[in-house]
Trainee: 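Once you've had a glance at the structure underneath, I'll fire off some questions.
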Amino acid sequence: MERNPLRRQLQIMRKSLFDQGYLDEQFVQLEELQDDSNPNFVEEVVTLYYRDSARLILNIEQALERKPYNFHKLDAYMHQFKGSSSSIGAKKVKAESTLFREYCKSGNGEGCMRCFQQLKKEYATLRKKLEAYFQVARQAGPMETACRPK
Amino acid sequence: MTVERIVSETKDQFPIGMRVLAVDDDPTCLLLLETLLRRCQYHVTTTSQAITALKMLRENKNKFDLVISDVHMPDMDGFKLLELVGLEMDLPVIMLSANGDTKLVMKGITHGACDYLLKPVRIEELKNIWQHVVRRKKFDRKVRNNSDSQDKPHADSGEAAGIGKADNSAKINKKRKDQNEDEDEDLDENGQDNDDPSAQKKPRVVWSVELHRKFVAAVNQLGIEKAVPKKILELMNVEKLTRENVASHLQKFRLYLKRISCVANQQANMAAAVGTADSSYLRMGSLNGLGNFHALAGTDQLHNAAFRSFPPSRVLGRLNTPAGLGIRGLPSPGTIQLGHVQNSGHSSNDQSKLQSFIPGNHNTNILQGMPMSLDLDQLQNNKGVSHIGELPTANRTAVFPVSGSLIDSRIAGFSNNPLLGVTSNSLMLEGSSQQANLHASNLRDGVSAAGFQNGNTLSNFASIDPVSSQLRDSKADLQGQAAPINCNAGPMIRSVPQEWSAPRKDAPYQSHLMSSSVNSSIPVNGAMVQLDQCLDRNNSIFHRTMDSDSIGPLNFVDPLSIKHSEGLNSAAMEPPVIEKEGYLMYQLRPHGNHIPDNIGSLEDLASAMMKQDQDKGKPTAGNFRHNSYSHRTCI
């Protein structure tokens with residue numbers, strides 16, 4: 001257990017993210033790639049993700065404004081988005097993406113719309129949590145090697 | 001953290017320092033991939049654009065050991081890139097995707113991927129990717145260790161060289177083998193030496209245009225069905241060329257043929273009625289295939305084919321061989337004779353040696369100038385076909401795009417092969433726009449083959465490969481393929497109708513439609529497609545060499561062919577080929593028996609063609625004629 005209070009706090013935050021299903025195993029992979037030569041790797045990737053995926057979110061939003069829905073296009077965007085999200089271990093976001101694609105495949109516009117709203121919520125929530133997490137991480141200094149969530 | 005070793009040290013430390021090229025348009029995934037690879041101690045280069053990746057690979061073929069690419073990319077389909085890389089550089093390619101559909105994975109395999117990984121990628125999976133590099137090399141070594149007289153593949157599930165048998169596994173094997181084709185530079189007739197082969201790679205045989213021409217000639221002579229590496233090797237009579245080299249080259253060729261035959265089927269329908277009475281009508285069927293390429297472009301198939309630089313010439317060469325091109329019903333006379341085939345004494349096609357070779361520096365010269373010219377002659381008049389100008393070997397650059405198409409068409413006409421060719425062509429067309437551009441301009445210039453060299457040729461080649469393997473397939477396959485292709489072609493061709501102006505202009509058709517390399521070459525395809533439709537009536541196969549202008553994507557059209565056309569012009573090639581836009585329109589002479597409307601299978605087409613052949617060039621009415629083709633002498 002961490003003696004340092006900041007680190008302890010960090011550990012708690014981290015565990016909670018996993019326990020609540022916001023993050024999955026992939027995030028651990030990211031952490032494992034972080035080391036002395038690459039000390040901020042996780043944060044870098046997550047930042048990049050949010051920056052790049054914002055564009056996709058916008059595309060999807062715009063596509064959803066055009067009726068009738070172009071499901072093929074929506075699905076394509078979402079496929080991309082899902083790929084990115086899964087790369088950082090964004091579990092809930094990824095689940096919503098999958099659901100969205102299902103709706104696309106079945107041509108359920110209403111479902112797509114609802115699902116997308118939910119997805120955006122999850123996406124925003126995760127972002128806030130991760131931002132807080134990284135803030136503490138920066139203050140706490142380099143952590144020990146990542147430990148897997150229970 | 002990551003230790004990035006210098007290349008020169010790789011030999012000792014492999015797999016550490018293995019040079020990987022990672023391609024993914026998603027920056028998050030790319031960063032992750034890069035970091036993972038570095039963690040595995042590989043030497044990583046990344047790019048988010050497939051086109052850039054190709055450029056890097058072409059700049060220096062020995063710069064990388066392995067390529068990892070995403071499937072969905074905006075500038076180029078991952079599968080296309082896969083094919084191109086496999087054909088041109090013969091490097092192992094691993095596909096990456098968030099989508100793990102069996103169909104997609106299968107597609108990856110058929111296009112030659114040596115592995116298919118799902119995102120998010122895990123480091124454990126990446127830790128083992130070096131095996132693909134080693135496997136190729138080892139396989140090659142193993143192959144070479146076998147006695148030359150042994151024509152049987154080395155058995156193994158996929159390792160077997162499947163010489164003489166093209167099958168899916170062979171494709172992969174071929175790739176592996178090809179990769180290990182380390183022949184000395186002597187074979188590099190282009191004078192391109194493989195520079196600094198890394199410890200893992202030995203110098204490859206570079207299939208120069210000349211070499212490829214010989215190869216195709218040999219294959220034609222033997223007949224695609226009977227072409228075994230040993231015999232081919234004997235016929236080619238090239239020093240320092242081993243059976244293994246030939247075997248792997250053959251595999252690629254087969255794949256290409258297979259690919260184009262799919263397209264060709266469609267095209268076959270389009271077989272333009274060759275105006276020329278010459279019996280040696282071009283089995284444009286294959287050309288049509290080209291058109292189909294575009295059409296195919298729409299389909300996945302095309303995708304792949306398109307970017308392959310279709311080695312139409314190659315295919316054609318094969319087709320021509322009366323000896324037995326796998327293509328059935330290819331009536332020999334004058335039928336497309338690939339440049340070299342001509343030598344075999346086909347009718348008047350002597351001259352037409354379309355050598356569309358793929359300029360590719362590296363083993364791309366696969367496509368030998370397509371005998372397109374041959375076809376043309378036939379098309380044009382009875383005369384022996386003014387060959388489209390022999391593509392000067394020197395111009396390698398001009399790669400065959402035409403040939404590819406020719407082949408395709410031919411194949412379409414008569415055999416499954418054409419389709420393959422066609423397909424590949426289409427692929428080529430689809431292929432990177434880069435290529436297309438190159439081709440187009442090259443064609444015009446008549447030799448900007450340089451552009452081709454780079455990759456276009458390869459792409460052509462690439463397409464040929466699939467075709468070739470396909471050729472081997474039973475007709476049944478083709479038929480099946482033909483069907484779908486036709487569908488695609490349909491729409492495509494329409495778009496290009498105007499190109500099909502009355503064929504037979506004097507201009508030697510040079511531009512092969514094959515510009516499969518053209519990415520956007522849809523226009524060509526379109527034209528070709530049309531042929532498809534016309535095919536019913538005319539059996540004319542249009543071989544269009546796309547002019548860069550006209551066909552954007554077609555660039556691929558064999559610059560060589562174009563060159564020839566120009567050259568031919570002076571050579572008095574009768575241009576049965578429609579001058580338009582460099583479309584070489586080969587028309588199958590419609591004879592009494594028109595190709596049935598439902599020419600679904602190559603067989604039909606082939607037989608139709610045969611009949612037509614006899615007719616000697618009655619121009620088929622039909623849309624084909626409209627040729628808007630101008631055969632362009634690209635180059």
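Any value given below was found using the heavy atoms of this structure, including those in side chains, with hydrogens, waters and symmetry copies removed. Throughout, a chain's letter reflects where its sequence line sits, starting with A, and its residues are numbered from 1.
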Trainee: Among B/Asp26, B/Leu30, B/Leu31, which one satisfies side-chain contact (heavy atoms from CB on, under 4.5 Å) with A/Asp52?
Mentor: B/Asp26
Trainee: With sequence neighbours excluded, tell me which residues meet side-chain hydrogen bond (donor to acceptor under 3.5 Å, both in side chains) with B/Ser48.
Mentor: none
Trainee: Could you give the distance from CD (A/Gln34) to OG1 (B/Thr35), rounded to the nearest 0.5 Å?
Mentor: 10.5 Å
Trainee: Are the side chains of B/Ser97 and A/His79 in contact, using a 4.5 Å heavy-atom criterion?
Mentor: yes
Trainee: Please classify the contact of B/Asp24 with chain A as side chain, backbone, both or neither, using a heavy-atom distance under 4.5 Å.
Mentor: neither
Trainee: Chain A heavy atoms under 4.5 Å from B/Leu36: which part of the residue, side chain, backbone, both or neither?
Mentor: both
Trainee: For A/Arg114, enumerate each residue passing the side-chain hydrogen bond (donor to acceptor under 3.5 Å, both in side chains) test, keeping only those at least two apart in sequence or located in another chain.
Mentor: none
Trainee: Between B/Thr28 and A/Arg51, does a side chain to side chain contact (heavy atoms under 4.5 Å, CB included) hold up when you go through it step by step?
Mentor: CA-CA 9 Å; B/Thr28 311; A/Arg51 196 170 352 123; over 6 Å; no
Trainee: Can you list the residues of residues 84-93 of chain A that sit under 4.5 Å from chain B, counting heavy atoms only?
Mentor: A/Ser84, A/Ser86, A/Ser87, A/Ile88
Trainee: If a pair satisfies side chain to side chain donor-acceptor pair (under 3.5 Å) and one of its residues is in residues 98-108 of chain A, list it, with sequence neighbours excluded.
Mentor: A/Asp75-A/Arg101, A/Lys82-A/Thr98
Trainee: Check whether B/Arg122 reaches the backbone of A/Gln26 with its side chain - one donor and one acceptor, N or O, closer than 3.5 Å.
Mentor: no
Trainee: Give me the atom names and distance for the closest heavy-atom approach of A/Asp35 to B/Arg39.
Mentor: OD2-NH2, 3.2 Å
Trainee: Find out whether B/Leu32 and A/Leu33 are in side-chain contact, i.e. whether some heavy atom of one side chain is under 4.5 Å from a heavy atom of the other.
Mentor: yes
